[in-house]
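These notes are about the structure you will find just below.
Each residue takes its place number in the sequence, starting with 1.
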Amino acid sequence: MRRMRMTVAAMAVAGLAVSTAACAGDEGDVDGEGGGSGGTVNMQIGEIRSLVPGGSGESEGYRIIKNVYDGLVYYDRETGEPENLVAEEISSPDNQVWTITIKDGLTFQNGEPVNADAFIRSWDRTALASNSLPLNYFFGTFEGYAEMNPDPLPEDQWADPEVPEWAPIATTHLSGVTAVDDLTIEVKLAAPFIGFPTMLGYEAFYPVAEACLADLEACEATPIGNGPFMFEEPYDIESGGTAVRWEDYAGDMPAQIDAVNWKVYLEGDDCWADFLTGDIDVCRPTAADYENAMNDPDLESRHIQQDDPSILVLGFPLYDAKYQDVNLRRAISMAIDREGVANVVGPERFYPLDQWVPESILGGGTHSCGEYCVYDPEAAAALLAEAGGWPEGEKMQIWVNDAADNVDIFRAIGDSISQSLGIQYELVTLDFPEFLATREEHNLDGPFRSGWGPDYNLNENYLEPIYGGGASVNDYGWENAAYDAKIAEAGSAATLDEAVALYAEAEAILAADMPSVPVFGERFNYFYTERLENVFVHPIYSGPGGDCELREVTIAE
């Protein structure tokens with residue numbers, strides 16, 4: 001079964017070095033809203049895939065889910081340390097059997113208790129193969145996962161050739177997960193994994209109300225969460241919706257505002273024009289607007305710029321015979337003028353990347369790409385010739401999802417490749433859900449956009465979830481037995497330091513095969529309206545396009 005991958009994930013853990021910035025907006029009220037802890041914040045968002053935990057696995061749905069739901073832990077935006085939220089305690093004597101204690105007295109927004117069963121029913125749903133949920137693979141380390149994930153039926157028996165089907169699966173519960181009592185969960189992993197607690201703040205591990213599973217269609221439109229915001233009216237995938245502050249919220253991170261309204265931007269549209277009129281409160285300028293925004297003195301005091309541990313890579317479809325030769329892949333990488341592309345789409349928005357794990361992540365900073373991430377057209381041409389050249393008269397298809405920034409960035413990348421190697425190219429754009437599905441199902445015939453943000457502060461998270469599992473599982477169709485063995489060895493390491501070193505060895509194997517090429521590390525450049533105060537951008541949790549911590553933001557009086 002192919003694991004569906006997240007484009008942008010969101011978690012952190014102790015030791016993540018981050019910087020945050022926030023400035024108080026000028027005092028002022030918009031449309032009569034205000035009162036410090038009241039009013040509505042207007043946010044941009046893209047198209048979502050799901051609003052039920054386990055079903056999103058992408059940045060846009062998760063931006064809503066993380067505010068409507070509370071997870072076991074939440075990550076401090078300054079230190080990156082996981083702090084218990086729904087969890088009272090998470091412990092293990094051997095890094096393989098874990099005990100999770102849940103705080104007493106917490107409920108969902110419909111009054112159901114947030115207890116052990118609430119988490120177990122959610123995890124079982126996501127882990128069951130036939131539910132085809134994108135975050136299924138997060139449970140691959142759990143005892144009992146294999147029994148819930150047998151091989152699918154032959155493809156000629158699928159009703160939809162894009163959607164795998166299974167014979168009835170007898171096992172529908174993770175055998176390694178047990179409710180010791182109402183507020184205690186025991187989790188048995190298939191092997192020791194010292195990083196397990198770091199995962200538990202992510203969407204895959206959120207609880208789900210029983211009423212939600214009884215009517216998933218209704219819950220997708222009007223989620224039943226346990227977090228500080230709740231929907232009273234259904235969310236519309238094309239126009240958005242409003243979540244209000246849940247007045248009965250009993251958790252540790254309440255909302256300070258009355259409501260948040262999400263407005264959807266589709267088909268390459270962006271929020272900048274609406275930001276300038278005050279209709280959207282937080283927005284990132286696209287490449288076309290970047291220079292004007294950076295030089296506008298009225299916006300200077302309301303600009304947040306900070307490093308983002310998200311990365312941008314150009315992936316290769318190794319299931320296409322044309323891209324099998326590693327020297328072709330190396331040639332394309334050396335043909336990209338990373339600094340020149342950054343200047344085209346906005347300096348200080350990106351920095352050239354020469355590794356698969358950024359320096360801010362534990363175990364990152366290996367510079368593993370080496371000379372193959374250095375712009376050198378002559379060396380690139382020599383490598384291309386060694387690989388047999390490019391088919392005469394054939395255009396390279398470069399696939400991206402159609403957000404305006406992606407089109408500008410990858411057009412500049414394509415121009416650089418074309419100028420260096422003489423290869424003509426064509427950008428193929430798809431809307432985000434279609435792009436994700438097409439990429440995951442191995443239906444691309446050229447290099448493609450891929451990005452990643454950390455689930456937790458460990459180099460493993462930039463390696464195994466993206467490139468592991470074999471050719472049928474990852475988006476690239478890449479398989480390397482030595483890589484998989486090194487990942488497994490690291491996962492069973494006795495100490496974190498030992499694991500980090502072994503994961504770095506796995507990254508070196510990845511670099512030698514180069515199923516993708518690192519292009520950029522990213523930087524946040526967000527602006528906010530003068531009506532907002534306490535505007536903080538979480539370096540891990542933030543979504544693209546303009547975002548802030550909605551649990552902390554306030555509206556100026």
Write down the atom of [X], the atom of [Y], and the distance for their closest heavy-atom approach.
X      : Y      : value
Pro207 : Val114 : CG-CG1, 4.4 Å
Gly227 : Trp246 : O-CE3, 3.1 Å
Cys219 : Tyr69  : SG-OH, 4.4 Å
Glu339 : Pro352 : CG-CG, 3.6 Å
Pro358 : Tyr351 : CB-OH, 4.0 Å
Asn42  : Asp279 : CB-O, 3.4 Å

[X] ring center near [Y] ring center (under 6.0 Å):
X      : Y      : result
Phe139 : Phe205 : yes
Tyr526 : Phe275 : no
Trp356 : Tyr462 : no
Phe448 : Phe435 : no
Phe138 : Tyr202 : yes

Exercise. Mind running side-chain hydrogen bond (donor to acceptor under 3.5 Å, both in side chains) on Asn261 and Thr242 for me, showing each step along the way?
Key: CA-CA 4 Å; Asn261 177 65; Thr242 298; 2.8 Å; yes
Exercise. For Asn84 and Tyr74, test the side chains for any donor-to-acceptor distance below 3.5 angstrom and give the result as yes or no.
Key: no
Self-check item: Any side-chain donor near an acceptor of the partner, Asn115 and Asp182, under 3.5 Å
Solution: no
Quiz item: Could you walk me through whether Thr126 and Asn136 pass the side-chain hydrogen bond (donor to acceptor under 3.5 Å, both in side chains) check?
Solution: CA-CA 5 Å; Thr126 304; Asn136 168 282; over 6 Å; no
Exercise. Validate the cation-pi geometry between Arg77 and Phe536: distance from NZ or CZ to the six-membered ring centre under 6.0 Å, angle to the ring axis within 45°.
Key: yes
Exercise. Give a yes/no verdict on a cation-pi contact between Arg284 and Phe524, requiring under 6.0 Å between NZ or CZ and the six-membered ring centre and an angle within 45° of the axis.
Key: no
Quiz prompt | Parallel, tilted or perpendicular, as decided by the 30° and 60° cut-offs, for the rings of Phe196 and Trp98 | solution = tilted
Practice problem: Evaluate the criterion ring-ring contact (aromatic ring centres under 6.0 Å, His included) for residue pair Phe410 and Trp399; output intermediate values, then yes/no. | Solution: CA-CA 9 Å; Phe410 280 85; Trp399 294 74; over 10 Å; no
Self-check item: CA sep, side-chain torsions, deciding dist, call: Glu441, Asn443, side-chain hydrogen bond (donor to acceptor under 3.5 Å, both in side chains)
Solution: CA-CA 6 Å; Glu441 295 302 323; Asn443 286 326; 5.7 Å; no
Self-check item: Any donor-acceptor pair under 3.5 Å from Glu210 side chain to Leu213 backbone
Solution: no
Practice problem: Keeping to residues at least two apart or across chains, list the side-chain hydrogen bond (donor to acceptor under 3.5 Å, both in side chains) pairs with something in residues 222-236. | Solution: Asp236-Ser239
Quiz item: Has Asp104 got more than 12 heavy atoms of other residues, nucleotides or ligands less than 6.0 Å from its CG?
Solution: no
Quiz item: Within a strict 4.5 Å, meaning less than it, do heavy atoms of the Val313 and Ile466 side chains meet?
Solution: no
